[in-house]
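First up is the structure itself, then whatever we jot down about it.
In what follows, chains carry the letters A, B, and so on, assigned in the order in which the sequence lines appear, proteins first and then strands, with residues in each chain numbered from 1.
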Protein chains: 2
Amino acid sequence: MTQPRWLDSEEKAAWNAFLEASHRVERRVEHHLREQEGLSHPQYEILVRLADEPERQLRMTELAESLLTSKSGASYQIGKLEKAGLVRRSSCPGDDRGVFAVLTEEGMAKLNRVAPGHVELVRSSLIDLLSREQLAALTDALDTVGRGLED
Amino acid sequence: MTQPRWLDSEEKAAWNAFLEASHRVERRVEHHLREQEGLSHPQYEILVRLADEPERQLRMTELAESLLTSKSGASYQIGKLEKAGLVRRSSCPGDDRGVFAVLTEEGMAKLNRVAPGHVELVRSSLIDLLSREQLAALTDALDTVGRGLED
DNA sequence: ACCGGGTTGTTCAAATTCGAACAACCGCTA
DNA sequence: TAGCGGTTGTTCGAATTTGAACAACCCGGT
């Protein structure tokens with residue numbers, strides 16, 4: 001077998017910075033939403049995805065793909081949100097297998113209530129830490145990565 | 001209450017790119033290590049951290065902090081690695097509360113065996129997707145974020 | 001020597017995640 | 001219309017993570 005192409009010091013620095021930043025940010029966001037707003041980050045993201053839809057609804061599979069999570073994970077979280085009254089399940093006309101997750105009025109209200117604090121946290125965790133140039137370069141690089149890893 | 005400072009489209013793009021890239025990369029790395037090497041990503045990171053130490057050992061608390069995880073999480077994973085023979089626990093001279101996690105020879109051998117495949121995956125998941133300039137800019141931005149979020 | 005506040009690591013219950021297995025359904029083809 | 005490969009969403013068990021609670025320990029001041 002051929003020699004592995006080891007990472008040089010710059011590449012190692014990039015990888016470590018990536019791991020550290022993503023863990024720290026994720027940890028911070030999760031903790032804030034949990035403590036301050038009573039939502040997990042996945043749950044918040046679900047509300048956002050649904051609110052972005054014209055009909056405020058998404059098929060379970062679409063939702064799972066959008067969240068980059070498993071179908072069972074999406075099913076579990078929708079169950080939680082349903083119990084909390086923020087989302088309801090609705091059958092899908094024309095496809096009896098299908099299930100829509102629909103944002104309720106209460107869910108929309110909850111999102112509107114929670115969003116300002118979340119945005120502030122996103123700012124203090126990422127956006128406001130960087131200059132406009134750094135932010136643009138970050139977006140450029142991470143978009144490239146995201147596109148490169150599309151299924 | 002004052003108006004929240006909503007994210008403009010560039011800021012939103014940055015946040016979304018950050019979330020998507022970190023999830024996709026984490027998912028890919030986790031999946032690869034699990035399927036190909038029989039280790040979870042946290043477990044792999046533990047082996048790396050220990051191998052980086054001159055004595056190939058770390059106190060439990062230091063390890064947990066290095067991994068950006070909880071103490072109980074570190075304890076759990078060390079338990080797993082101990083059962084697998086890759087790590088052993090050792091008492092800490094001069095502090096009876098302390099516990100060292102020590103990398104065994106077997107653990108070092110496992111790491112050496114796994115590392116090449118992991119490096120290849122890191123390359124294909126991040127490093128090789130970017131130009132040298134993009135990588136440098138990414139590291140700069142993420143280092144800033146990491147430092148900004150240090151406890 | 002003894003307290004009292006802080007530290008260390010483990011254990012516990014609860015929450016979450018995943019993949020596999022599954023039943024039900026879809027749509028195309030013969 | 002009967003069948004068949006593929007899709008959809010849920011359920012299940014197993015693995016993992018977290019914070020709280022806890023026992024044991026450290027150390028500086030008295």
Side-chain angles (χ1 to χ4, degrees), chain A residues 22-24 26-46 50 57-84 87-102 151, chain B residues 22-24 26-46 50 57-84 87-102 151:
Chain A
S22 51
H23 283 172
R24 282 201 195 278
E26 185 57 55
R27 218 172 153 68
R28 221 170 118 85
V29 169
E30 176 68 34
H31 197 271
H32 170 263
L33 282 171
R34 266 252 126 74
E35 302 298 308
Q36 303 298 314
E37 322 283 12
L39 284 176
S40 68
H41 191 199
Q43 287 168 354
Y44 181 84
E45 289 298 321
I46 289 175
L50 295 180
Q57 61 180 24
L58 274 175
R59 289 285 291 269
M60 294 300 294
T61 297
E62 291 180 290
L63 183 60
E65 285 170 359
S66 166
L67 297 169
L68 303 176
T69 189
S70 62
K71 287 183 300 173
S72 52
S75 199
Y76 173 81
Q77 288 297 353
I78 288 295
K80 290 267 144 183
L81 291 170
E82 205 172 17
K83 271 183 223 163
V87 163
R88 64 182 170 81
R89 278 185 233 244
S90 154
S91 60
C92 173
D95 190 342
D96 286 352
R97 299 165 304 177
V99 172
F100 276 116
V102 189
D151 322 290
Chain B
S22 52
H23 284 172
R24 282 199 194 278
E26 185 57 56
R27 216 171 154 70
R28 221 171 118 85
V29 170
E30 176 68 34
H31 197 269
H32 170 262
L33 282 170
R34 266 254 126 76
E35 303 297 307
Q36 303 299 314
E37 321 284 12
L39 284 176
S40 67
H41 192 199
Q43 287 169 354
Y44 182 83
E45 289 298 320
I46 289 175
L50 295 180
Q57 60 180 25
L58 274 174
R59 288 286 293 267
M60 294 301 292
T61 295
E62 290 180 288
L63 184 60
E65 285 170 358
S66 167
L67 297 170
L68 303 175
T69 190
S70 63
K71 287 183 300 172
S72 51
S75 200
Y76 173 81
Q77 287 297 353
I78 288 296
K80 290 268 143 182
L81 291 170
E82 204 173 18
K83 270 182 222 163
V87 163
R88 65 183 169 78
R89 278 184 232 246
S90 155
S91 59
C92 173
D95 189 342
D96 286 352
R97 298 166 303 176
V99 172
F100 276 115
V102 190
D151 322 289

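With D:dT18, D:dG9, C:dT10 as the candidates, the nucleotide lying closest to the side chain of B:Met60 is C:dT10. Of the candidate nucleotides C:dT10, D:dG9, C:dT16, C:dT16 has the atom lying nearest to any side-chain atom of A:Lys80. In this structure, the nucleotide among C:dC18, C:dT7, C:dG9 sitting nearest to the side chain of B:Thr61 is C:dG9. Among D:dC25, C:dG19, C:dT8, the nucleotide with an atom closest to any side-chain atom of B:Asp96 is D:dC25. Closest to the side chain of B:Gln77, from the set D:dT18, D:dT16, D:dG6, is D:dT16. Counting only heavy atoms from C-beta on, A:Ser75 has its side chain closest to D:dT11 among D:dT18, D:dT11, D:dT7. Each of D:dT18, D:dT8, C:dC18 was ranked by its minimum atom distance to the side chain of A:Arg59; first place goes to D:dT8.
A:His31 comes within contact range of the sugar-phosphate backbone alone, with a heavy-atom separation under 4.0 Å but no base atom that close. Residue-level contact check: B:Gly73 touches the bases, meaning some heavy atom is under 4.0 Å from a base atom.
Distance CG (B:Leu63) to P (C:dT8): 14 Å, rounded to an integer number of Å. Atom CD in A:Glu65 sits roughly 11 Å away from atom P in D:dT7 (whole-Å rounding). Rounded to an integer number of Å, the gap from CD of A:Glu30 to C1' of C:dA15 is 11 Å. At whole-Å resolution of the value, CD in B:Glu82 and C1' in C:dT10 are 12 Å apart. Rounding to whole angstrom units, OH of residue B:Tyr76 and C1' of C:dA13 are separated by 15 Å. The separation between A:Lys83 atom NZ and C:dA15 atom P is 9 Å, rounded to whole Å. As rounded to whole Å, 8 Å separates atom P of C:dG9 from atom CD of B:Glu62. As rounded to whole Å, 11 Å separates atom C1' of C:dA24 from atom CG of A:Asp95.
Each of A:Glu35 and B:Arg97 lies near DNA chain D, and the nucleotide nearest A:Glu35 is the one positioned closer to the 5' end. If you find the closest nucleotide of DNA chain D to A:Gly98 and to B:Leu68, the one lying nearer the 5' end belongs to A:Gly98.
Atoms NE2 and CD1, on A:His41 and A:Ile46 in that order, are 11.0 Å from each other to the nearest 0.5 Å.
Evaluated for a side-chain hydrogen bond (donor to acceptor under 3.5 Å, both in side chains) with A:Gln43, the options A:Lys80, A:Gln77, A:Arg34 yield exactly one hit, A:Gln77.
Considering only side-chain N and O atoms, A:Arg34 lies nowhere under 4.0 angstrom from the phosphate OP1 or OP2 of C:dA15. Residue B:Arg89 places no side-chain N or O under 4.0 Å from the OP1 or OP2 atom of C:dG9.
Residues B:Leu67 and A:His23 come closest through the heavy atom pair O-ND1, 4.4 Å. Scanning both residues, B:Ala64 and B:Ala74, for their nearest heavy atoms gives CB-CB, 3.9 Å.
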For A:Glu26 and B:Glu26, what are the C-alpha separation, side-chain angles and deciding distance, and is it a side chain to side chain contact (heavy atoms under 4.5 Å, CB included)?
CA-CA 12 Å; A:Glu26 185 57 55; B:Glu26 185 57 56; over 6 Å; no
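Scanning atom types as modelled, one donor and one acceptor separated by under 3.5 angstrom connect the side chain of A:Ser72 and the base of C:dG19.
At a threshold of 4.0 Å, the pair A:Glu82-A:Arg88 does not count as salt-bridged, since none of the basic side-chain nitrogens sits closer than that to a carboxylate oxygen.
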